Asker: 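This structure is in structure tokens; I'll ask about it shortly.
A quick note: this is a predicted structure, and the numbers were derived from the prediction, not measured. FYI, the numbering just counts along the sequence from 1.
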Amino acid sequence: MNTLENEIIEKFWELDDDAKDRVRAVINDDNPNMLMTLGEWLDWATQTGHYIRQKYGDSFDSVETLRQLREERDNDRVGRG
């Protein structure tokens with residue numbers, strides 16, 4: 001093993017059990033972007049809907065809600081959030 005591999009393994013063992021499980025899921029998953037179960041995603045979607053309604057009111061339809069979420073995500077990525 002090379003130095004980087006050894007460092008990664010060393011850091012892995014420093015993680016708590018939940019973090020280790022998340023890392024294993026990413027490594028073992030064919031699609032590392034899919035880290036949520038369906039139930040977790042539904043919970044996230046519900047919470048996000050509540051957040052949008054609290055922030056902007058009930059005037060948005062589904063498409064406008066998605067636009068707002070994308071805009072906030074993009075702003076967060078470039079540090080304007």
Side-chain angles (χ1 to χ4, degrees):
M1 269 190 260
N2 66 35
T3 303
L4 179 58
E5 289 170 322
N6 286 327
E7 287 178 32
I8 291 169
I9 291 168
E10 191 175 299
K11 294 296 182 188
F12 175 81
W13 290 115
E14 293 175 14
L15 298 172
D16 63 39
D17 290 340
D18 289 337
K20 286 178 188 173
D21 289 342
R22 289 190 299 274
V23 169
R24 285 185 187 108
V26 170
I27 291 170
N28 292 326
D29 197 344
D30 290 336
N31 183 355
N33 295 321
M34 301 295 296
L35 299 178
M36 290 188 249
T37 65
L38 178 58
E40 290 169 335
W41 183 87
L42 289 172
D43 288 342
W44 171 84
T46 300
Q47 291 173 3
T48 302
H50 292 305
Y51 164 77
I52 291 296
R53 280 190 291 287
Q54 286 176 340
K55 187 168 183 179
Y56 300 105
D58 290 326
S59 61
F60 287 162
D61 63 11
S62 300
V63 173
E64 187 58 31
T65 299
L66 288 173
R67 285 186 185 127
Q68 287 298 322
L69 288 171
R70 287 179 182 141
E71 183 178 322
E72 289 190 17
R73 177 205 59 199
D74 293 345
N75 288 340
D76 288 345
R77 287 182 175 170
V78 295
R80 292 188 305 214

Asker: Hey, can you pull the donor-acceptor pairs under 3.5 Å for the side chains in residues 47-57, sequence neighbours left out?
Answerer:
residue: T48; atom: OG1; partner: W44; partner atom: O; Å: 2.8
residue: T48; atom: OG1; partner: W44; partner atom: NE1; Å: 3.4
residue: H50; atom: ND1; partner: R53; partner atom: NH2; Å: 3.4
residue: Y51; atom: OH; partner: K55; partner atom: NZ; Å: 3.2
residue: Y51; atom: OH; partner: E72; partner atom: OE1; Å: 2.9
residue: R53; atom: NH1; partner: G49; partner atom: O; Å: 3.4
residue: K55; atom: NZ; partner: E72; partner atom: OE2; Å: 3.3
residue: Y56; atom: OH; partner: Q68; partner atom: OE1; Å: 3.3
residue: Y56; atom: OH; partner: E72; partner atom: OE2; Å: 2.7

Asker: Assess the residue pair R73 and L69 against the criterion (side chain to side chain contact (heavy atoms under 4.5 Å, CB included)); give the C-alpha distance rounded to whole Å, side-chain angles, the decisive distance to 0.1 Å, and a yes or no.
Answerer: CA-CA 6 Å; R73 177 205 59 199; L69 288 171; over 6 Å; no
Asker: Report the distance from atom CG of N75 to atom CZ of R70, rounding to the nearest 0.5 Å.
Answerer: 14.0 Å
Asker: So do D61 and E64 actually touch side chain to side chain, heavy atoms under 4.5 Å?
Answerer: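 Yes, close enough: below the 4.5 Å cut-off.
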Asker: Taking a hydrophobic cluster as the set of Ile, Leu, Val, Met, Phe, Trp and Tyr residues connected by side-chain heavy atoms closer than 4.5 Å, whether directly or through intermediates, do I9 and V23 fall within one such cluster?
Answerer: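 Hydrophobic grouping puts I9 with V23.
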Asker: How many angstroms lie between atom CZ of R22 and atom CG of D17, to the nearest 0.5 angstrom?
Answerer: 10.5 Å
Asker: Over all heavy atoms of both residues, which pair between N2 and L4 is shortest? Give the atoms and the distance, please.
Answerer: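 So the minimum-distance heavy-atom pair works out to OD1-N, 3.0 Å.
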